[in-house]
Novice: 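Have a look at the structure that comes next, please.
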Amino acid sequence: MKTVAKFEIGFEQYLDPEGKPTKKLPRTANKEELLKLYRLMTLVRIFDTKAIALQRTGKLGTYASSLGHEAAHAAIGVAMKEKDCLAPMYREYAAQIERGVKMSEILLYWGGDERGSNFSGPAHDFPWCVPIATQYLHAAGAAAAFKYRKEERVAVTVIGDGGTSEGDFYEAINAAGAWQLPFVGVVVNNKWAISVPLEKQTAAETLAQKGVAAGIECVQVDGNDIVAMREVMEKALAKARAGKGPTLIEALTYRLHDHTTADDASRYRSDEEVKAHESKEPLIRLRKYLMEQGWWTEEDEEKLIEECRAEVDEAVSEYQNIEPPGVEDMFDYHFEEITEPLAEQREVAIREARRNG
Amino acid sequence: MKTVAKFEIGFEQYLDPEGKPTKKLPRTANKEELLKLYRLMTLVRIFDTKAIALQRTGKLGTYASSLGHEAAHAAIGVAMKEKDCLAPMYREYAAQIERGVKMSEILLYWGGDERGSNFSGPAHDFPWCVPIATQYLHAAGAAAAFKYRKEERVAVTVIGDGGTSEGDFYEAINAAGAWQLPFVGVVVNNKWAISVPLEKQTAAETLAQKGVAAGIECVQVDGNDIVAMREVMEKALAKARAGKGPTLIEALTYRLHDHTTADDASRYRSDEEVKAHESKEPLIRLRKYLMEQGWWTEEDEEKLIEECRAEVDEAVSEYQNIEPPGVEDMFDYHFEEITEPLAEQREVAIREARRNG
Amino acid sequence: MAKMTLIDAINMAMAHELENDDRVVVYGEDVGVNGGVFRATIGLQERFGEERVMDTPLAESMIAGMGVGMAAQGLRPVGEIQFSGFIYPGFDQIISHAARLRNRTRGRMTCPLVIRAPFGGGIHAPEHHSESTEALFAHIPGLRTVIPSSPQRAYGLLLAAIRCPDPVIFFEPNRLYRLTKQEVEDNGEALPLDVCFVLREGTDVTLISWAPAMNETLKAAAELEEEGISCEVIDVATIAPLDMETILDSVAKTGRAVIVHEAPRNVGVGAEIAANLAEHGIYDLRAPIQRVTGYDTVMPLAKMEKQYLPSTARIKDAARRTMED
Amino acid sequence: MAKMTLIDAINMAMAHELENDDRVVVYGEDVGVNGGVFRATIGLQERFGEERVMDTPLAESMIAGMGVGMAAQGLRPVGEIQFSGFIYPGFDQIISHAARLRNRTRGRMTCPLVIRAPFGGGIHAPEHHSESTEALFAHIPGLRTVIPSSPQRAYGLLLAAIRCPDPVIFFEPNRLYRLTKQEVEDNGEALPLDVCFVLREGTDVTLISWAPAMNETLKAAAELEEEGISCEVIDVATIAPLDMETILDSVAKTGRAVIVHEAPRNVGVGAEIAANLAEHGIYDLRAPIQRVTGYDTVMPLAKMEKQYLPSTARIKDAARRTMED
Ligand SMILES: Cc1ncc(C[n+]2csc(CCOP(=O)(O)OP(=O)(O)O)c2C)c(N)n1
Ligand SMILES: Cc1ncc(C[n+]2csc(CCOP(=O)(O)OP(=O)(O)O)c2C)c(N)n1
Ligand SMILES: [Mg+2]
Ligand SMILES: [Mg+2]
């Protein structure tokens, strides 16, 4: 049989789990940038711990932890420009915080308040997206708008390993390929979709290769290696910005926490498996590298943790001090101008609310 | 960058457009089998011409021609066993006729009568499927049922080039891969989805490679070469039957007619393009090969055409003599037992029908 | 002023908006060179270029979902679904995103998306090509659903839909695409998206209808007139939000109501209208409300579709029944 | 007889059918080891094996579409959609295939498929986890839609759904999953799929409800009793096909009707019930029909959901209003 097409999936890594370079680091891996990233990742981790604690004490609704995913998320945040557009799923806090979303807004959303999605990040960024994989099409649409207006902007979107089984994921990457859109799709492969392990999700050896179906560039990266992750993001963004088409990036990481606070992962996976991944998590390896370089000390670490705690505490008290929304909020954002039938229902609801105090 | 996965897409061909073998033909390409196939393809082509004529004279509704696709369809039909299950799209008449569907039933369906789908083919075969790509999931489900009951049966399904852009297509092949189902998916790439050419449909160089996304075996084949097409089908079926997993097959062919009788392809594609493909169509090449072998003569050809015409004419008169359905038919097949509200509406409709004579 | 068909008016409205608003793009399966399978977009790609009138891959969730993305980023996308029976794969994007983006972000992002689709039965088309699906969309908060039934209303309502800062599902009765011609001026004047149209005044009974069934409803009114039954005829047209005021006013006058639609009866839009009449107009009603609708069956294939569709005769019967009480 | 919760009864019904019918398979996202996110399928994989209780990839169209395929080939698949708000990607397969296969093939093929999904609000869940979508399914010809609201009805109706030779959408009010316990015998006795349940007899006003709102409706009835208003309470439960006879009989007796549901009002199932009352019971009605429903808004996030949901107070108000006329 004649061969008519060939494909190879590459894997990128610069820092191994011990924080040892596996090859020469790229330009972006300088002291200043790496410290910035380390701070961001640390902040998000402390935020995450706090959010889980808030949920456990009834002060927050169901919350999706980002524990272990910090490098993948942070790299997305720093590689993007403000004018680029992010269509996230629901746990990429590091990317969003870097783009200006406040931690209090994240809490507001998981606290059950739509105002959290009217956030301080770029106004053109999409809100959290719960229906799995749908956000990939929003990003493709955004990219089409940028291309149409000849703007040098890129739409970036994120999905999980489980999400790659949904039709919308494929429809989006196929359209991005067909139209050569300025689109970067990230698959954050954390090995689990709630209780479903990757092996049950697909027979594909890598998730990067799903891009082959769309005829687009695709690459796998160590998503716990912030250096590699950033480098791969930067390249994909530059390519997209130059009008050279979309990229699909599979970031290998691991979900160290339960799926959400409503989940109990001990029901379906072993402690040993989790333990085995704890040593590969992204903060340890970056800290080791920074210390090895002499760019970071135990004292720096302690100071940073304190600073982050203070920042998180402030966000929490901001969150807790926000006035509850009025019942009219439920009605006022459905149409630019409220419709007649809705206006009537609004009156009923306001009356009800008054009656109930 | 380290390479973590590699893929190659093979292309299968035995007979070139001139009917010349490009390599040694397989066992199935013996005189008896090839003559059977040639007869089937000729019958379907004559049927097709007749159906279009019926539509043009108001005796049939919109009809989807299979002109040019005969080899791909016929190979599917002969390679499958009766116990296997076919989930077709809407133009694979050769496959269906081989499996026992009557031409009069095909006409009945396109004539706007549901009874056409209560056909004489295997009772477990799915009916025509208009919502593009949905049939791929039915086949995956059928395959799951066969696997569950440990039956040595395979579910075969067919889609067009356009259909490979739909989410259901990907969800089906991914599930088939994840569960290693006895599933064979055929993509009949006829280069056009109504007026949309393949280049606008996807950036993928081949449609076979879409199987890479699902981690399943995939192969491209000259779909106008009945020998290659059959061989590839037989192999995929044998593999599936042996419990060794699914295959995705891209069959390269060309839609020589309008999309359907409601379409006018001259609006969007050139005569030259169509002409260029006419010489590559499947009947010519098989006839040339048969004649070269001394297995077929002009007289055989004339006789065959006459026989086929007679057979088609009989089917047409069968179609035209079928009693029109009663209005109660509209109600009687929604539930095993008609529901109360529907029974009331049925009475109204019967009264109405009586009034209108 | 030119006399034109409903589909010409649709085409003219899109051309008008493409001409006057850079943010407008038209996209969908076969809308380019082919001009759509019904030719609604004919000539638009030639005139406005491939960047503004785009053929898409074959994927309805993509059409809806990318529409959300484009609209959220400042475009005014006008997507076509080839037939309303193929809109279902896009349902999730419409209900979960198009209809919710403004509310979800408390107004930060909006979704000025129009999804057009040929609609309804009566043209002897193949399976799935004749569906009446308005009830599924009318039930969705945050969405507008509009169905014109004359060339003038098609033009004015489509302009309004494209200019609307919120998502609109715009169904086009394909049976009426070329049925009659009407003078339509290309004056850029939009019609309101939340007011019903009183097409005929009368005193005995109000016939309330929309979409292709308007045709049989108007015929019934004319024929009933000859029998001495005076019908007021309302084209609901803006299915959601529903303008009950116009309907209630009319029924307050006539005391009788017949609701006519092609979609299945059970939990159809006719039910909502009847429920409102029962809630707010019960003391005006001089006879039970009548619904003349499609049956609660799958839309049949061509041979039976005439028997499925509400006929003029059935509408007349229903009106007469209201006069008996 | 054991006292158990509604979710226990669901689990027991599935176990009963898995035990007694080889054709039954349970499948969906996280239904295996994890037992479903609410634990409805807990222990089933352990007991019946991975071949009969299967975790699927994350894809709802696949769950619905493969369900059609499995059902057409002789299995009795019971698919789970993780929350009713995630059923939309499977909508096309449900409406275009599950509901039509028997009709399309004139009975040659059938689709005995059950799709279960947790349903409704009130549990402070994240976005999209609290939707009430019954109207979208009740409108679809060829489909049954069922929502139990007590452990006993959950058991009997789920048995019936699994044994039904036609497709059934089976919604489970997650707010009631663990709210109360009731004695349920594992006797394999199914309930009919087309009869409403009269839960309480009364003479002044009929309260018609279903799904989680049954809880507030029953409370309202008890409290109204103390005020001297005697309520008949109907749990519709079998949403489609709709048993109007039971409802009409009750309203013929009481002369007053209050319909209560969580879904948005516009073109909801309440509209169909009201329309039927107006058509067939108008001369029995002594007061305008009242609908107490969710607002025509997107289901709000947790902080506002209490204000969205029909409260006992609103139901009582509506009942009192019917007594004023
Ligand atoms: C369409 C849809 N189906 C189901 C769910 C319920 N659900 C929420 S998260 C999740 C698993 C997602 O796994 P993955 O894509 O790997 O992302 P991760 O949470 O692991 O980051 C599921 C099934 C949903 N939110 N949307
Ligand atoms: C879901 C859906 N969308 C749109 C259509 C309308 N339609 C019918 S055939 C067709 C093109 C199909 O092209 P392809 O898949 O290449 O198959 P071919 O007809 O060329 O064999 C379209 C868009 C449909 N039937 N179903
Ligand atoms: Mg995951
Ligand atoms: Mg094609």
Side-chain angles (χ1 to χ4, degrees), chain A residues 1-14 22-23 133 137 164-181 196 198-222 228 231-232 245-246 248 250 252, chain B residues 1-14 22-23 133 137 164-181 196 198-222 228 231-232 245-246 248 250 252:
Chain A
M1 242 193 292
K2 196 168 73 178
T3 296
V4 286
K6 279 190 186 187
F7 309 95
E8 292 194 356
I9 307 298
F11 171 78
E12 190 62 283
Q13 190 196 50
Y14 285 94
T22 54
K23 55 183 169 182
L137 283 168
T164 66
S165 295
E166 290 273 10
D168 277 9
F169 165 75
Y170 299 99
E171 292 191 9
I173 60 175
N174 186 60
W179 285 332
Q180 290 296 295
L181 298 178
V196 180
L198 186 58
E199 316 83 70
K200 287 199 180 169
Q201 203 64 243
T202 186
E205 310 150 64
T206 70
L207 298 178
Q209 78 198 50
K210 298 205 174 237
V212 170
I216 68 177
E217 187 175 338
C218 43
V219 59
Q220 194 184 58
V221 53
D222 184 336
E231 183 63 11
V232 165
L248 186 71
E250 177 192 7
L252 295 178
Chain B
M1 241 193 292
K2 196 169 72 177
T3 297
V4 287
K6 279 190 185 187
F7 308 96
E8 292 195 355
I9 308 298
F11 172 78
E12 190 62 284
Q13 192 195 50
Y14 285 93
T22 55
K23 56 183 171 183
L137 283 168
T164 65
S165 296
E166 290 273 11
D168 277 9
F169 164 75
Y170 299 98
E171 292 191 8
I173 58 175
N174 186 62
W179 285 332
Q180 291 295 296
L181 298 178
V196 180
L198 186 58
E199 316 83 71
K200 288 199 180 169
Q201 202 64 242
T202 186
E205 311 150 65
T206 71
L207 298 179
Q209 76 198 53
K210 300 206 174 235
V212 170
I216 68 176
E217 186 174 341
C218 42
V219 60
Q220 195 183 57
V221 54
D222 184 337
E231 184 63 12
V232 165
L248 186 71
E250 178 191 7
L252 294 178

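Within every chain, numbering begins at 1; the chains are lettered A, B, ... in the order of the sequence lines, protein sequences first and strands thereafter.
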Novice: Among Thr3(A), Asn174(A), Ile216(A), who wins on heavy-atom pairs under 4.5 Å with chain B?
Specialist: Asn174(A)
Novice: Test of understanding: with side-chain contact (heavy atoms from CB on, under 4.5 Å), list the residues that count as partners of Ala203(B), not counting sequence neighbours.
Specialist: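 side-chain contact (heavy atoms from CB on, under 4.5 Å) list for Ala203(B), sorted by chain: Gln180(A).
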Novice: Can you tell which of Gly215(B), Cys218(B), Gly211(B), Ala172(B) has the highest number of heavy-atom pairs within less than 4.5 Å of chain A?
Specialist: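 Counting heavy-atom pairs under 4.5 Å, the top option is Gly215(B).
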Novice: Tell me which of these, Gln13(B), Lys200(B), Lys210(B), has more heavy-atom pairs under 4.5 Å with chain A than the rest.
Specialist: Lys210(B)
Novice: Sequence neighbours left out, what passes side chain to side chain donor-acceptor pair (under 3.5 Å) with Lys6(B)? Give chain and number order.
Specialist: none
Novice: Mind checking whether Met1(B) and Val219(A) have side chains closer than 4.5 Å, heavy atoms only?
Specialist: yes
Novice: Quick one: closest heavy-atom pair of Phe11(B) and Asp222(B), and the distance?
Specialist: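 Here Phe11(B) and Asp222(B) meet closest at CE1-N, 3.6 Å.
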Novice: Should Phe7(A) and Ile9(B) count as side-chain neighbours, where that means a heavy-atom distance under 4.5 Å?
Specialist: yes
Novice: Could you have a look at Ala175(B), Ala178(B), Ala228(B), Ala133(B) and say which one has the most heavy-atom pairs with chain A under 4.5 angstrom?
Specialist: Ala178(B)
Novice: Look at Gly10(A), Ala208(A), Ala5(A) and state which one has the largest set of heavy-atom pairs under 4.5 Å with chain B.
Specialist: Ala5(A)
Novice: Let me see the working for Gln209(B) and Gln209(A) under side chain to side chain contact (heavy atoms under 4.5 Å, CB included), right down to the final yes or no.
Specialist: CA-CA 10 Å; Gln209(B) 76 198 53; Gln209(A) 78 198 50; over 6 Å; no
Novice: Select one option (side chain, backbone, both, neither) describing which atoms of Lys2(B) are under 4.5 Å from chain A's heavy atoms.
Specialist: both
Novice: Closest heavy-atom contact between Leu137(A) and Glu171(A)?
Specialist: CD2-C, 4.1 Å
Novice: Val221(B) versus chain A, heavy atoms under 4.5 Å apart: side chain, backbone, both or neither?
Specialist: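 Contact with chain A: none, neither part.
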Novice: Name the option with the most non-hydrogen atom pairs under 4.5 Å to chain A; the candidates are Ala214(B), Gly245(B), Gly177(B).
Specialist: Ala214(B)
Novice: Is it the backbone or the side chain of Thr206(A) that comes under 4.5 Å from a heavy atom of chain B, or both, or neither?
Specialist: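 Side chain of Thr206(A) only, per the 4.5 Å heavy-atom cut-off to chain B.
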Novice: Under a 4.5 Å heavy-atom cut-off, does chain B meet the side chain of Glu205(A), its backbone, both or neither?
Specialist: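 Side chain of Glu205(A) only, per the 4.5 Å heavy-atom cut-off to chain B.
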